[in-house]
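Below: the structure, in structure tokens.
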Amino acid sequence: WDWYVSRYIGVRDSQPNAAHRAIARLETTFPSLLVVTQNIDRMHQRAGSRKVLELHGNIWNARCNACGREADMATLIDIADSGAPGDHPPRCGCGGRMRPAVVWFGERLPEAVFEEAAEAAAGCDLFIAGGTSATVYPAAGLIELAARNGAFFVEVNLEVTALSHLSDRTYREPAWEALPRTGMVNPLLLPPLSEVLVTLQVQLARPIVQEAILITALEVIVAFIIAVPIGAAAGIAIAEFPYAGAIFKPMLFYVFSIPK
């Protein structure tokens, strides 16, 4: 108990860093952003993040090891300090001992919390793992789940991890340096311009891509020469014509997504 009290005081007297603040800012741009953390310090919430799943609980609360009742850690510290020296940790009203509301090794993660995290990982388009060794399961399994379902996986970690081979983009630098850059035009996701130009040149030289572009061009001609006039005659404005606003999207898809 005394060891956790010292940890609680250390967390209480600390402040979120640049990575925590950057993630909180991203939520204003991407309302669907969900933070899943193994940390117990609640720095994400203190930085401003509103949707946070705590896989390993948090040190700001305590709970009874008998009945499960939760209480504020600061209140319990005051009670314990004012009681008998041997009354550490403090007792619950049911007689059980209070403990920090964190997940210890060998304990199961909160089932509802992990299920929500797994559902989000399986359905997300982008998964950023920052500052994790990717060795603690089942939390590390969320990375594999996201990658398996087609998410773009960005790894931010100083060292190579057991799941680095799954990453689409990797940054070997501290999270507090890399993550603040996501507040701009998603540079974590943008490859270097030279890489884009080389990829485009290679793709355009492939016969299957050239054929796809030709087909798309014919579709454009059909849309504007045949379909649009018919729509106009029927009283449908070009801006309302569903195909006219999406004709360039297939071309980009063909160029960058055709298998090698």
Side-chain angles (χ1 to χ4, degrees), residues 1-28 33-118 120-121 128-142 156-158 174-177 179-180:
W1 173 262
D2 292 338
W3 183 79
Y4 271 105
V5 169
S6 65
R7 287 199 67 187
Y8 166 79
I9 293 173
V11 167
R12 182 197 63 190
D13 295 342
S14 300
Q15 297 297 324
N17 63 28
H20 299 117
R21 294 191 293 271
I23 292 171
R25 287 196 299 272
L26 274 179
E27 193 173 323
T28 62
L33 176 70
L34 176 66
V35 178
V36 180
T37 182
Q38 296 171 267
N39 296 334
I40 62 173
D41 50 24
R42 289 208 161 168
M43 287 296 179
H44 287 293
Q45 293 92 325
R46 296 168 69 186
S49 292
R50 294 184 295 275
K51 293 186 291 185
V52 182
L53 297 180
E54 298 171 322
L55 295 182
H56 292 168
N58 71 85
I59 200 171
W60 290 83
N61 292 328
R63 71 170 182 268
C64 175
N65 64 359
C67 70
R69 183 181 71 87
E70 292 201 356
D72 181 67
M73 189 74 168
T75 301
L76 291 177
I77 292 174
D78 291 339
I79 293 174
D81 288 345
S82 62
D87 198 22
H88 287 188
R91 290 189 179 276
C92 173
C94 74
R97 291 286 190 180
M98 300 299 292
R99 52 161 286 184
V102 300
V103 176
W104 288 336
F105 283 104
E107 294 182 331
R108 295 176 61 87
L109 300 187
E111 185 175 350
V113 173
F114 186 77
E115 286 181 356
E116 185 176 353
I128 301 176
T132 178
S133 63
T135 57
V136 179
Y137 282 81
L142 296 175
V156 182
N157 201 61
L158 285 172
W176 55 266
E177 289 184 358
L179 291 179

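For this chain, numbers begin at 1 and follow the sequence in order.
Rounding to the nearest 0.5 angstrom, the gap separating the CH2 atom in W1 from the CD1 atom in I77 is 6.0 Å. Taking CG of D13 as the reference point, atom OH of Y8 lies at 9.0 Å (rounded to 0.5 Å). Taking NE2 of H20 as the start and CD of Q45 as the end, the distance is 9.5 Å to the nearest 0.5 Å. With values rounded to the nearest 0.5 angstrom, I59 atom CD1 is found 5.5 Å from M73 atom CE. In this structure, CZ in R97 is found 11.5 Å from SG in C92, a value given to the nearest 0.5 Å. Note: N17 CG to W176 CH2 = 9.0 Å, rounded to the nearest 0.5 Å.
In plain terms, the two heavy atoms of A120 and L34 that are nearest each other are CB-CD2, 3.5 Å. When all heavy atoms of W60 and I40 are compared, the pair lying nearest together is CD1-O, 4.3 Å. Closest heavy-atom contact between S14 and R46: O-NH2, 2.7 Å. Between R63 and G68, the closest heavy-atom pair is CB-O, 4.1 Å. Across all non-hydrogen atoms, the minimal contact from P110 to E54 is CG-O, 4.1 Å. The shortest non-hydrogen separation linking V103 to R108 is CG1-O, 3.9 Å.
Under the side-chain hydrogen bond (donor to acceptor under 3.5 Å, both in side chains) criterion, T75 pairs with D72, sequence neighbours left out. Checked against salt bridge (charged side-chain N to carboxylate O under 4.0 Å, His left out), R21 has no partners two or more places apart in sequence or in another chain.
A donor-acceptor pair under 3.5 Å links the side-chain atoms of E27 to the main chain of R50, judged by distance alone. Listed for the R99 side chain is no donor-acceptor partner under 3.5 Å among the backbone atoms of N65. One N or O on the side chain of E107 and one on the backbone of W104 form a donor-acceptor pair closer than 3.5 Å. D41 places a side-chain N or O within donor-acceptor distance of the main-chain N or O of M43, the cut-off being under 3.5 Å. Between the side chain of D2 and the backbone N or O of V5 there is no donor-acceptor pair closer than 3.5 Å.
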| said: What verdict does the side-chain contact (heavy atoms from CB on, under 4.5 Å) test give for R91 and M98, after you've listed the backbone C-alpha separation in whole Å, the side-chain angles of each residue and the deciding distance to 0.1 Å? | reply: CA-CA 6 Å; R91 290 189 179 276; M98 300 299 292; over 6 Å; no
| query | Yes or no on side-chain contact (heavy atoms from CB on, under 4.5 Å) for N61 and R42, after CA distance, side-chain angles and deciding distance? | reply | CA-CA 11 Å; N61 292 328; R42 289 208 161 168; 4.0 Å; yes
| request: Applying side-chain contact (heavy atoms from CB on, under 4.5 Å), run through I128 and L179 and close with a yes or a no. | output: CA-CA 9 Å; I128 301 176; L179 291 179; 4.0 Å; yes
